[in-house]
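Everything on this sheet refers to the single structure shown next.
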Amino acid sequence: MSKCNSGDSKLDSAVESWLKHDKNPLTRQEVIDDISNSRWDKLRSTMLKRQKFGTAGLRGRMGAGYMCMNDVVVLQTAQGLCAYVQKVANQDQLHNGIVVGFDGRYNSKRFAELTAKVFISASIPVHLFSEVCPTPLVSFATIHYGAAAGVMVTASHNPKEDNGYKVYWSNGSQVISPHDDNILDEIWSYLDIPDDHWHIAEIRSHELIKDCQVEITKKYTEYVRDCLSDDTVERNRRANIDTVYSAMHGVGYESVVRAFEAAGLKTPISVPEQQNPDPDFPTVVFPNPEEKECLELSKKLAEGKGVRLVLVNDPDADRLAVAEYDENSSSWKVFSGNEMGSLLGWWLLQQFPTPPEVYMLASFVSSKMLAAIVKGKGHFVETLTGFKWMGNATLLLEEEGKRVLFAFEEAIGYMCNSRVPDKDGVTAAVQVASLASSLYTSGSSLQEQLQALYREYGYHVSKNGYYIINDPTVVSKIFSRIRNFHGPSVYPKKVGSCEIVFMNDFNAGVRIPETTNGEGHLNVLGTGLDQDYTSGEMVAFRCANGLSVTLRTSGTEPKLKYYTELVCEAPTPREQDVKQVELENMVQELIEELLQPKLNGLMG
């Protein structure tokens, strides 16, 4: 074993412990090379800390070290998860086992099989997908089998160098506190890796491994059909509209084709260059459909085919981007998550007229337009950012006999049925195509319907962004200044021309004034907003002119994010353009006053 002599005893110990555990020749050699070349800073960054559970699991660059994604981290994580499941799951759940799926990234299948090996070594059955699958199918399968937990190996829309490890609890929703913290504690107790856990060559033939690909694919497709009313399916058949679809080099294509067929929709025209899983993502810099470049091939194909609707999943098919061609302006409209969330919420209310006990959910930083749409027809609930909160809040509401119809987040994530309590880009694609079928046959469009909603519920326009901050002291400085803006413990009363009428400092537990109208969503259990905020910094405020702003630090990246929305009367596109410029000016003012980018050296 190569000896580490960095001069830092803590680092030397961590590296030598790694080399004792790691039996993967590639990552072992990476560490040996780092030692030989005295790359001590690199080794400190990868070896001295362990990834924490972020968005219900792990996500990071593939490579050696406890802060990266590799065989050692996956095995130790699986061992900790297995130990925790054995402690808290009931006997039926343990008998039903766990579900494990994976996407098309490098090492995803291997990480899935290593996870399965840990569980079968503990005599726990594993429903293991034999091929790549969309992330929502793991949530669906966990519930379908009554399993103790589910694992999806995916880094979603991250760069090709990354991979991840998403954990679902027995309820089919992403794990939240205290489970995530408890799993991490268990991992620390199971760092030693038995030799047998590395042997996965014959794993597919093990009696405790059950291939669930065919069964879950069939059941999930039936579920997608059941999400639509009979009238909607029939209308889809009659409309027979064309769509262009891209899987973004990911796993969504086959599932979307099956789902469209079940929903009475015409088979989508696939972007051939992006149809099949490819871990190199060769046609895009980042495989994130929120990036404009990711839609270029889809739009080009649609223009050549005379198709007006484009649907693009991210690589694990849990999110959905939507674009529509406007013949009058000869241009494409790419819908934001807030716009599509409002349209889908409205559409589901049209399909399923419901009593007042219907509930719709959105993350705190998403548009409030859905609240206006559902008012008088049901209830609107806000949660902390992340679908783990919306999924778990959905299930708690349904335990109380409530009906949750829809949930969304501004980052193009949509839950169109509570049977998959997570974002689901396949079901969302079917719902959007069904909505378009209904609108197109009546001579309307997605854009025209959005304008109709603006006229009825007010114009809601958003501008969001972020700054990269690698120095945590800068974050502390910014938020300390906000808390002491006009003197000790005196928050801003005005930013630029905007008079602040309400302020909520989540981390400090300060609300000014303490009670206001419109803040009554916070008493629903399981939203994350019903407990002390421990996820970094988050300050929200509202202004007298209809502007709302949220500033928050990211839980997974060194980013300070800002989310803004202006609600006003602007019934025509010309008036909306004016309001959009007004919003941009207001946002620039608040950024300069509150964040001081130049003074703090912020990178946009």
Next on the checklist: What verdict does the side-chain contact (heavy atoms from CB on, under 4.5 Å) test give for Met47 and Leu11, after you've listed the backbone C-alpha separation in whole Å, the side-chain angles of each residue and the deciding distance to 0.1 Å?
Outcome noted: CA-CA 7 Å; Met47 291 290 181; Leu11 178 60; 4.2 Å; yes
Answer whether the closest heavy-atom distance between the side chains of [X] and [Y] falls below 4.5 Å.
X      : Y      : value
Arg110 : Ile200 : yes
Tyr223 : Val420 : yes
Arg319 : Pro289 : yes
Phe140 : Val224 : no
Val285 : Glu293 : yes
Leu19  : Ile35  : yes
Pro134 : Tyr220 : no
Phe129 : Val99  : yes

Next on the checklist: Classify the ring geometry of Phe406 against Phe408: parallel below 30°, tilted from 30° to 60°, perpendicular beyond 60°.
Outcome noted: parallel
Next on the checklist: Parallel, tilted or perpendicular, judged at 30° and 60°: which one describes the rings of Phe506 and Phe364?
Outcome noted: perpendicular
Checklist entry - Within a reach of under 6.0 Å around OH of Tyr466, are more than 12 heavy atoms found that belong to other residues, nucleotides or ligands? => result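 Atom OH in Tyr466 is not crowded, with 12 or fewer foreign heavy atoms closer than 6.0 Å.
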Next on the checklist: With a sphere of 6.0 Å drawn around CG of Asn37, does it hold more than 12 non-hydrogen atoms of other residues, nucleotides or ligands?
Outcome noted: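 Enclosed: over 12 neighbouring heavy atoms sit under 6.0 Å from CG of Asn37.
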What closest approach, in Å, do [X] and [Y] show between heavy atoms, and which atom pair accounts for it?
X      : Y      : answer
Ala317 : Gly252 : CB-CA, 3.9 Å
Gly386 : Thr383 : O-OG1, 4.4 Å
Asp103 : Val251 : CA-CG1, 3.9 Å
Ser139 : Asp422 : OG-CB, 4.4 Å
Lys561 : Ser554 : CE-CB, 4.1 Å
Val73  : Gly65  : CG2-O, 3.7 Å

Between the side chains of [X] and [Y], is a donor N or O closer than 3.5 angstrom to an acceptor N or O?
X      : Y      : answer
His157 : Glu290 : no
Ser173 : Asn171 : no
Gln275 : Ser270 : yes
Asn163 : Ser108 : yes

Considering only NZ, NE, NH1 and NH2 on the basic side and carboxylate oxygens on the acidic side, decide whether [X] and [Y] come within less than 4.0 Å.
X      : Y      : result
Glu16  : Lys3   : yes
Asp314 : Lys423 : no
Lys210 : Glu215 : no
Arg204 : Asp211 : no
Arg59  : Asp162 : no
Glu30  : Lys42  : yes

Is it the case that the side chain of [X] and the backbone of [Y] share a donor-acceptor pair, with hydrogens and angles ignored and the cut-off at 3.5 Å?
X      : Y      : answer
Arg50  : Tyr66  : no
Asn313 : Met248 : no
His206 : Glu202 : no
Arg105 : Ser156 : yes
Glu409 : Gly337 : no
Thr115 : Phe111 : yes
Arg28  : Lys23  : no
Lys117 : His199 : yes
Glu254 : Cys133 : no
Asp71  : Asn24  : no

Item to check | is_close_aromatic(Phe260, Tyr245), centroid dist under 6.0 Å | outcome: no
Atom [atom1] in [X], atom [atom2] in [Y]: separation rounded to 0.5 Å?
X      : Y      : atom1 : atom2 : result
Tyr165 : Gln51  : OH    : CD    : 12.0 Å
Ile216 : Lys218 : CD1   : NZ    : 11.0 Å
Thr217 : Glu222 : OG1   : CD    : 11.0 Å
Phe119 : His197 : CZ    : NE2   : 10.0 Å
Thr527 : Met390 : OG1   : CE    : 11.0 Å
His21  : Asn70  : NE2   : CG    : 12.5 Å

Item to check | Evaluation steps, side-chain hydrogen bond (donor to acceptor under 3.5 Å, both in side chains), between Ser189 and Tyr84 | outcome: CA-CA 11 Å; Ser189 301; Tyr84 184 63; over 6 Å; no
Item to check | Chi angles and distances behind the side-chain hydrogen bond (donor to acceptor under 3.5 Å, both in side chains) call for Glu273, Thr283 | outcome: CA-CA 8 Å; Glu273 303 95 324; Thr283 66; over 6 Å; no
Checklist entry - Can you name the one residue among Leu26, Val31, Asp33, Thr27 that meets side chain to side chain contact (heavy atoms under 4.5 Å, CB included) with Gln29? => result Asp33
Next on the checklist: Name the residue from Thr154, Val138, Val132, Val153 that meets the side chain to side chain contact (heavy atoms under 4.5 Å, CB included) definition with Asp316.
Outcome noted: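 Only one of Thr154, Val138, Val132, Val153 forms a side chain to side chain contact (heavy atoms under 4.5 Å, CB included) with Asp316, namely Thr154.
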Next on the checklist: Let's go through Asn182 and Lys87 carefully: what are the C-alpha distance in whole Å and the side-chain angles of both, what is the deciding distance for side-chain contact (heavy atoms from CB on, under 4.5 Å) to 0.1 Å, and is it a yes or a no?
Outcome noted: CA-CA 11 Å; Asn182 292 342; Lys87 282 185 177 180; over 6 Å; no
Next on the checklist: Between Asn338 and Tyr563, does the side-chain hydrogen bond (donor to acceptor under 3.5 Å, both in side chains) criterion hold? Intermediate values first, please.
Outcome noted: CA-CA 11 Å; Asn338 283 331; Tyr563 307 81; over 6 Å; no
Checklist entry - What's the verdict on side-chain contact (heavy atoms from CB on, under 4.5 Å) for Leu361 and Leu397, showing C-alpha distance, side-chain angles and the deciding distance? => result CA-CA 11 Å; Leu361 285 70; Leu397 284 165; 4.1 Å; yes
Item to check | Step-by-step side-chain contact (heavy atoms from CB on, under 4.5 Å) determination, Asp196 to Ser121 | outcome: CA-CA 8 Å; Asp196 184 54; Ser121 297; 3.7 Å; yes
